[in-house]
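Basis for what follows: all heavy atoms, side chains included, without hydrogens, waters or symmetry-related copies. Residue numbering restarts at 1 for every chain, and letters A, B, ... go by the order of the sequence lines.
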Amino acid sequence: METIVTRFPPSPTGYLHVGGARTALFNWLYARQNNGKFVLRIEDTDTVRSTQASVDAIFEAMRWLELDWDEGPYFQTQRFDLYREYLQKLLDSGDAYYCICTQQEVEAMRQKAMAQGGKPKYDGRCRERGLPRSDNAVIRFKSPLAGTTVVEDVIKGNIVFQNTEQDDFVVSRSDGTPTYNFVVVVDDISMGINTVIRGDDHVMNTPKQILLYRALQSPLPVFGHVPMVLGKDKARLSKRHGAMSVTAYRDMGYLPDAFINYLARLGWSHGDQEFFTRQELVEKFSLKNIGKSAGVFDTDKLTALNADHIRATSVRQLAPRALPFFRDKGYDAADDDYLAGVIGTLHTRSKTLVEMADGAHFYYREDVRPYDDKAAKKFLKPETARVLALLAEQLGELDNLAEKTQEVAFKRVMDETGLGFGKIAQPVRVALTGTTVSPGIFELIEVLGKARVLARLRAAAEFIESTGK
RNA sequence: GGUCCCAUCGUCUAGUGGUUAGGACGCCGGCCUCUCACGCCGGUAACUCGGGUUCGAAUCCCGGUGGGAUCACCA
């Protein structure tokens, strides 16, 4: 069986966006699943808009998503000799010709055609003139004047184009640089790409490219055009929909596996399954289960999936990923046992790593004061000072504050005060965290450790005394 | 406007002639409970319209409508 070779060819004119990431993912998955090759090619022929910063941003995003490539990155700007070679082949075989019409003349042809109700096309006036090479001449491809070109799309089915719709498009500009449709074909042929999975917006290019493959006497790759990703308003995803850059999602605390899971499920399905590990995706992905209609990017669903992935990831693996977010909050955190304990209590409570870091505030603050105003008013009342002091005293007598051992201390406090656990939990929580929302009291005490717990309980008791009454 | 594509709950989707049209997110209840989550239980909500074909259409065909893509010496 032929080795599957796929590719991802971004143009470095900006960051890697969500739509691009999805086509990269599909190509990667397909290659991995078939033990094939995944090629990265940078389409930087638009030298005006291409930047090194964009190239770097794309690499960074690919690395974050863990979409590793087997070949490349190739840069089109370094392949001009090859394009020239193929251009000559086209000229030699009579499939292309020089055209000396100026852009203004061509524009005039279009206007005229439109005025007559036709489609705007180049009229082919240089087609049979046998013009020689000259300074400002472009090279045009000689499109067939009749017949049809059919794109056998693995996800959309057969798409038929009348060749009369096609005009003789430019393959080489007057400055000698080759155009997009031409270089793509040359690259795909020379790189041995046999599976082209790309965005929907390329379908109209495909018949042109097929014509080029034929003229170059090369076998066609398998084509698959995946539907677009839309924004909430059902319009094509763009800056006004907020985060478009893939790395922005990294910064918002999403896990790469959650992100690719979401991206894969947007437009592709495997029965009712929603949660996929990277490995499952590689195993179960299939071109034929890609849907035909465009999908709306839904951050809520991505977030829910992210929560699932966080929960499915072990604390040990989560720690290094969460650490940068903790540091961002200014916490003096390290990848140690304490962090593991902290994450352990926040594991099921965090939808994103940012949320996790937010929820960890009290673990990394020496003093939780000032207390949240409402929390203090409601739970740190005069009568609770005694409870907190008592608890500090009881806990102080214990060797360690493991969840099990704590029971004794709480039991004594409850016995002595006659209060139920429900009555003392919130005051304790406020004393230890400064707020009314946190992980469970017992687990939190264990993680915090004796020193912090005693200090905070006493501080709260003092706080109550000092506020008087 | 030409060409091409698409059409199931608000969103992502399952469905391939016979289903009470299923799942997930969201939303709304409830249970659990030391708060918040998690978990569990329940609810809300869809086949774009009109014609066919058929004993029977979400499923097949035609048309309408709606949405999208694309019409460069940009990629």
Side-chain angles (χ1 to χ4, degrees), chain A residues 9-13 43-46 48-50 76 99 101-103 106-107 110 113-114 117-122 136 138-140 151 153 156-157 159-162 164-167 169-181 183-184 199-207 225 227-228 230 232 234-236 262 265-275 289 291-305 307-308 311 345-351 355 359 375 379 410 420-430 433 435-442 444:
Chain A
S11 53
T13 54
E43 310 215 321
D44 57 349
T45 54
D46 183 349
V48 184
R49 292 195 302 150
S50 297
Q76 291 185 322
C99 165
C101 298
T102 64
Q103 290 187 59
V106 175
E107 188 49 40
R110 293 206 180 90
M114 289 239 267
K119 27 240 148 221
K121 301 201 302 187
Y122 169 69
N136 285 312
V138 299
I139 299 176
R140 288 183 182 275
V151 178
D153 191 292
K156 286 182 182 296
I159 306 171
V160 180
F161 293 89
Q162 296 299 321
T164 48
E165 289 296 326
Q166 226 70 245
D167 66 355
F169 55 93
V170 172
V171 288
S172 175
R173 304 184 183 95
S174 51
D175 65 358
T177 57
T179 60
Y180 172 75
N181 282 120
V183 299
V184 164
D200 228 352
D201 48 341
H202 282 288
V203 279
M204 302 309 255
N205 288 325
T206 309
H225 291 93
M228 306 270 83
L230 274 25
K232 200 98 194 152
K234 296 212 171 195
R236 198 174 178 166
Y262 177 71
R265 266 304 269 108
L266 177 56
W268 169 82
S269 63
H270 186 265
D272 281 338
Q273 189 172 348
E274 300 282 349
F275 183 95
N289 285 322
K292 293 179 176 185
S293 51
V296 174
F297 189 89
D298 180 4
T299 309
D300 283 342
K301 187 141 187 179
L302 165 64
T303 303
L305 209 43
D308 288 342
R311 261 174 256 130
T345 68
L346 263 14
H347 212 199
T348 60
R349 279 168 242 269
S350 316
K351 291 182 162 66
E355 215 178 284
F379 296 109
F410 276 94
F421 186 70
K423 288 288 180 196
I424 66 180
Q426 280 306 71
V428 171
R429 171 167 284 114
V430 176
T433 72
T435 66
T436 53
V437 175
S438 83
I441 294 291
F442 302 128
L444 170 165

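- Annotation: salt bridge (charged side-chain N to carboxylate O under 4.0 Å, His left out) contacts of Lys156(A) (sequence neighbours excluded): Asp200(A).
- Taking 4.0 angstrom as the limit, Arg110(A) places a side-chain polar atom (N or O) nearer than this to OP1 or OP2 of C73(B).
- Between Asp298(A) and Tyr262(A) the shortest heavy-atom distance is N-OH, 2.7 Å.
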Between protein and nucleotides 27-32 of chain B, what N or O pairs are separated by less than 3.5 Å?
none

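- For C38(B), its base never sits under 3.5 Å from the side chain of Arg349(A) at any donor and acceptor pair.
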Pairwise N/O distances under 3.5 Å, protein to nucleotides 12-14 of chain B:
{"from": "C12(B)", "atom 1": "OP1", "to": "Val296(A)", "atom 2": "N", "distance (Å)": "3.0"}
{"from": "C12(B)", "atom 1": "O2'", "to": "Arg265(A)", "atom 2": "O", "distance (Å)": "3.0"}
{"from": "C12(B)", "atom 1": "O2", "to": "Lys301(A)", "atom 2": "NZ", "distance (Å)": "3.3"}
{"from": "U13(B)", "atom 1": "OP1", "to": "Gly267(A)", "atom 2": "N", "distance (Å)": "2.5"}
{"from": "U13(B)", "atom 1": "O3'", "to": "Ser269(A)", "atom 2": "OG", "distance (Å)": "3.3"}
{"from": "A14(B)", "atom 1": "OP1", "to": "Ser269(A)", "atom 2": "OG", "distance (Å)": "2.9"}

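- Residue order along RNA chain B, read from the 5' end via each residue's closest nucleotide, puts Glu165(A) first among Ile441(A) and Glu165(A).
- Residue Ser174(A) is in base contact, counting any heavy-atom pair closer than 4.0 Å across all strands shown.
- Under the Watson-Crick or G-U wobble criterion, with both distances below 3.5 Å, A75(B) has no partner in any strand shown.
- For A69(B), the paired base is U3(B) (Watson-Crick or G-U wobble, both distances below 3.5 Å).
- Under the ring-ring contact (aromatic ring centres under 6.0 Å, His included) criterion, Tyr180(A) pairs with His202(A), not counting sequence neighbours.
- Closest approach to the Arg311(A) side chain among U70(B), G39(B), U3(B) is made by G39(B) (side chain taken as heavy atoms from C-beta onward).
- Asn181(A) places none of its side-chain heavy atoms less than 4.5 Å from the side chain of Val171(A).
- Proximity of a side-chain donor or acceptor of Ser11(A) to a complementary backbone N or O of Thr13(A) within less than 3.5 Å is not detected.
- Considering only side-chain atoms of Asp300(A), the nucleotide from G26(B), A75(B), C73(B) that sits closest is G26(B).
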Report summary line: Letter by letter from the 5' end, nucleotides 41-50 of chain B scores (B base, S sugar-phosphate only, - none; protein heavy atoms under 4.0 Å) ----------

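- Comparing Asp175(A) and Thr436(A), the nucleotide of RNA chain B nearest to each residue sits closer to the 5' end for Thr436(A).
- Listed nucleotides A75(B), G26(B), A37(B) differ in distance to Thr348(A); the shortest reach to its side chain belongs to A37(B).
- Listed by chain and number, the residues in a ring-ring contact (aromatic ring centres under 6.0 Å, His included) with Phe421(A) are Phe410(A), Phe442(A) (sequence neighbours excluded).
- For Ser438(A) and C36(B), the shortest distance from a side-chain N or O to OP1 or OP2 is not below 4.0 Å.
- The listed nucleotides are U70(B), A37(B), C34(B); the one nearest the side chain of Phe442(A) is C34(B).
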